[in-house]
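Take a look at the structure set out below.
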Amino acid sequence: MRNSGVSSDGFTFPLVIKACTSMGDSKLCKAIHGHVLVSGYQFNLHVRNDLINGYGKMGLMEDALKVFDKMSYRNHVTWNTMFSGFAHNFDCDGAVKMFRLMERKGLEPHLLTWTSFISVHKRCGLHDRVIELFRESRGKMNCSTGEVIAVVLSSCAELDKFQMAKEIHGYVISGGFQDYMFVQNSLISVYGKNGNIEEARSLFMEIKVKNLVSWNALISSFADAGFCDEAQEIFSQLVNLDDQKLRPNVVSFSAVIGGFAAKQRENECFEVFREMLLSRVHPNSVTIASLLSLCAEVVALGIGKEIHGYSIRALMDKNILVGNGLVNMYTKCGDVMDGCSVFDRMEDRDLISWNSMIAGYGMHGRASEALTTFREMVKLGPKPDVVTFVAVLSACSHAGLVTEGRKLFDQMSNEFMISPNMEHYSCIVDLLGRAGLLQEAYELIKKMPFEPDECVWGALLNACRIHKNTDIAEVIKSRLNLESEMTGTYMCLSNIYASHGRWEDAAKVRVAAKTRGLRKIPGQSRIEVKKKSYIFSSGNSFQSGLDEVYETLDDLGARMEAEGFVPDKSFVLQDVGDEEKKEILNGHSEKLAIAFGHANIPPNFPIRVTKNLRVCGDCHNWTKIFTKVTKREVIVRDGRRFHHFKDGLCSCRDYW
DNA sequence: GCGACCGTCG
């Protein structure tokens, strides 16, 4: 057009600017801006609004502001476009400043102003503010838009405000928004997050023309509610539609993968991931984070490392979600050093990054590193939250740092203004209890501002077991909630009796638990051999390779006995299958308990494991299972904790 | 005769 000598006008420029914006070509946009300046259209309102829009969408808010500042005449679209720019750039402060400026100028916000202004709060995660602003806007405008309703419903879902969502659903119907697809999609999602999948499904059926978001909302509703097979079924329906406009995207795949990951169904999870790659749908940070979280839960270090490699090749390793997932995966798979090096290399760290690293150090018994990281976080990082304190307190508890733990517990409420919850009390009781300060722990429980739960009593009970105190154990027994489903507490009590040779009392507690139909969920162990994960648990038939495990255990047991090791029999084996009972009789399982359970491994105890075997996970009774064996070091996992044995010395206090 | 600003899902 320009080559043929036709000049642009106030209609041409907006179209070209829009094209630049959709290509994300900011250089070209600036060049067009130059043409605007020399061709006399710099005062055209439409052109200027489009320039503001383009710069805002391309992340150049400074350029957008320059255009805005130079304008002597602005209309409501100008203001709305600025708010939209702040929203796209997650700049809530900028939007708030602009809103105040607007008020100072005596301008009333339009419906679309409210939409953008509310949206920026949602994008910045300020969901409470979204709801406040929604009320304010409805009060002032006496109406709303479907777009705002979609945003507010999504914030309700984030805040678990399902009652409010229902009220807004009422407003949707009375206000005539019920046929608006964006609102319908949002409603599916909020009902789905509340676990009301039938309502989500019927809302979905009511949508006449469904888009991909509608499908994804339904798939994730089922996946979130734990119905991953149904989620996959809906996903297949979507695939079978064979509609060019409705091809599953990264969100659809990630929802199904996330559903299987949450259920620790790794086979299905990786199968869907493979399908995703074959369909040439590119995974993003959310997909990778789901897979890493699965690897962490099922202790699949090999696959976790492959995913780490994939994320590097896909240039995603700098992403904060991926980084957090890697720190979590490495530390939970027993590789605290690799977790640490990922953390050190992260360019941005959020609350979750810091919490994951502190918890990672804590579960490996590296309390001093956990505390150093915590202090560093206080100095440079985000404000510690409830999870941070669970991590530091349990780190102290694991390492027996009583003074530090007490100090942190006080600081938590006095300096950080975080009131301790049940988990924090469990940690501090565990800390004091393990240190033998049973009376102090008991006094603390009595002073708790709310009713202690089974975890708190369980921590004290466990301390009674360690320090062979039956007096306090008896008191706890009377305080235990009889409706409790915490079978672990009963089993601990039973073990205390057993350790004192009070076999009848031990049996009574067990019978009491059994008559109420309480059964301990069997502990499960996992072993990763050649990138394949094997699961075994007591009472179940084992997969192949068990002979090798027993061979190793026999070897360990024999060596321990040869070193003059005396087994700690304070635990009794319970809820075992017939096969295990036979093994207990022939002494096999006792060796297992010795090897993994409660060993005072003597100094310089030679640890040799055949055929590079790696076993991980936990069994309730035979709690400690090897996770990683190198020439000089053995890492053992006990629930969420890790114990490092090096040259016969263990970093865990229990083994001193 | 033509335009600008808002939104839902992992």
Side-chain angles (χ1 to χ4, degrees), chain A residues 9-18 21 44-54 56-57 64 67-68 74-88 109-120 122-123 130 137 144-158 172 177 180-190 192-193 200 203-204 207 210-224 231 234-235 238 248-262 272 276 281 283-291 293 321:
Chain A
D9 70 356
F11 284 99
T12 327
F13 283 120
L15 296 172
V16 182
I17 293 164
K18 248 189 178 6
T21 308
N44 182 297
L45 187 59
H46 275 285
V47 174
R48 288 178 136 173
N49 288 345
D50 266 314
L51 279 169
I52 291 174
N53 182 49
K57 295 264 158 73
V67 177
F68 178 86
R74 308 175 181 116
N75 66 357
H76 66 272
V77 179
T78 317
W79 291 90
N80 297 348
T81 311
M82 283 305 296
F83 284 114
S84 151
F86 288 122
H88 276 273
H110 280 64
L111 263 179
L112 284 174
T113 320
W114 281 112
T115 313
S116 298
F117 192 55
I118 291 171
S119 148
V120 69
K122 195 221 140 179
R123 290 176 75 112
V130 167
S137 73
S144 202
T145 64
E147 288 82 358
V148 166
I149 293 168
V151 170
V152 175
L153 282 169
S154 158
S155 284
C156 287
E158 289 290 332
V172 166
F177 295 106
Y180 193 47
M181 185 185 55
F182 282 88
V183 172
Q184 290 171 306
N185 292 347
S186 234
L187 277 170
I188 292 173
S189 176
V190 71
K193 284 226 173 69
L203 280 159
F204 176 80
I207 306 178
K210 303 168 180 69
N211 71 356
L212 190 55
V213 176
S214 322
W215 282 90
N216 291 346
L218 191 67
I219 292 167
S220 25
S221 292
F222 278 86
D224 282 350
I234 301 161
F235 177 85
L238 170 64
N249 67 357
V250 58
V251 177
S252 332
F253 276 102
S254 301
V256 180
I257 289 171
F260 282 127
V272 178
M276 178 176 188
V281 175
N284 64 10
S285 56
V286 181
T287 327
I288 299 301
S290 286
L291 293 171
S293 149
L321 268 182

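Because the structure is a prediction, the values reported are computed rather than measured. Chain naming here is simple, since letters A, B, ... match the order of the sequence lines and numbering starts at 1 in each.
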Identify which nucleotide among [options] has an atom closest to any side-chain atom of [X], counting heavy atoms from C-beta outward.
| X | options | value |
| --- | --- | --- |
| A:Asn185 | B:dC5, B:dT8, B:dC9 | B:dT8 |
| A:Asn284 | B:dG10, B:dT8, B:dC5 | B:dG10 |
| A:Ala150 | B:dT8, B:dC9, B:dG10 | B:dT8 |
| A:Lys122 | B:dA4, B:dT8, B:dC5 | B:dT8 |
| A:Ser84 | B:dC9, B:dA4, B:dC5 | B:dC5 |
| A:Asn216 | B:dC5, B:dC9, B:dG10 | B:dC9 |
| A:Val251 | B:dC5, B:dG10, B:dT8 | B:dG10 |
| A:Leu45 | B:dA4, B:dC9, B:dC6 | B:dA4 |
| A:Asp224 | B:dG10, B:dC5, B:dC9 | B:dG10 |
| A:Ser119 | B:dC6, B:dA4, B:dG10 | B:dC6 |

Inset, instruction - Assign the ring pair A:His110 / A:His76 to parallel, tilted or perpendicular, where the plane angle (0 to 90°) is split at 30° and 60°. - result: parallel

Rounded to whole angstrom units, what separation is found between the [atom1] atom of [X] and the [atom2] atom of [N]?
| X | N | atom1 | atom2 | result |
| --- | --- | --- | --- | --- |
| A:Phe182 | B:dT8 | CZ | C1' | 6 Å |
| A:Arg123 | B:dT8 | CZ | C1' | 13 Å |
| A:Ile118 | B:dC5 | CD1 | C1' | 15 Å |
| A:Ile219 | B:dG10 | CD1 | C1' | 10 Å |
| A:Leu111 | B:dC6 | CG | P | 14 Å |
| A:Leu187 | B:dC9 | CG | P | 11 Å |
| A:Asn49 | B:dC6 | CG | C1' | 15 Å |
| A:Lys193 | B:dC9 | NZ | P | 6 Å |

Legend entry - Pairing string, 5' to 3', for DNA chain B - Watson-Crick or wobble contacts under 3.5 Å, brackets [ ] where pairs cross, | to another strand: ..........

[X] near the nucleic acid: base, sugar-phosphate alone, or nothing, with a heavy-atom cut-off under 4.0 Å?
| X | value |
| --- | --- |
| A:Lys57 | sugar-phosphate |
| A:Thr115 | base |
| A:Val151 | sugar-phosphate |
| A:Thr81 | sugar-phosphate |
| A:Val250 | base |

Inset, instruction - Indicate whether A:Trp215 forms a stack on B:dC9; treat it as stacked only if centroid distance is below 5.5 angstrom and interplanar angle below 30 degrees. - result: no

Inset, instruction - Spell out, as yes or no, whether a donor-acceptor pair under 3.5 Å connects the side chain of A:Ser293 to the backbone of A:Ala289. - result: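 The answer is no, because no donor-acceptor pair under 3.5 Å joins these two groups.
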
Legend entry - Any donor-acceptor pair under 3.5 Å from A:Thr145 side chain to A:Val148 backbone: yes

Legend entry - Presence of A:Lys210 side-chain N/O under 4.0 Å of B:dC9 phosphate oxygens OP1/OP2: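 A:Lys210 to B:dC9 OP1/OP2: no side-chain N or O under 4.0 Å.
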
Legend entry - Phosphate OP1/OP2 of B:dC2 contacted by A:Lys18 side-chain N/O (<4.0 Å):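 No, outside the criterion.
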
[X] versus [Y], closest heavy-atom pair with distance:
| X | Y | answer |
| --- | --- | --- |
| A:Ser290 | A:Gly258 | OG-CA, 3.8 Å |
| A:Ser154 | A:Lys122 | OG-NZ, 3.1 Å |
| A:Leu321 | A:Ser285 | CD1-OG, 3.8 Å |
| A:Phe235 | A:Pro248 | CE1-CB, 3.7 Å |

Legend entry - For A:Asn284, side-chain contact (heavy atoms from CB on, under 4.5 Å) partners two or more places apart: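 Per chain and number, A:Asn284 pairs via side-chain contact (heavy atoms from CB on, under 4.5 Å) with A:Val250, A:Ser254, A:Val286, A:Thr287.
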
Is any side-chain N or O of [X] under 3.5 Å from a base N or O of [N], one able to act as donor and the other as acceptor?
| X | N | result |
| --- | --- | --- |
| A:Asn75 | B:dA4 | yes |
| A:Asp50 | B:dA4 | no |
| A:Asn249 | B:dG10 | no |

Inset, instruction - Under the ring-ring contact (aromatic ring centres under 6.0 Å, His included) rule, collect the residues that match up with A:Phe222, sequence neighbours excluded. - result: none

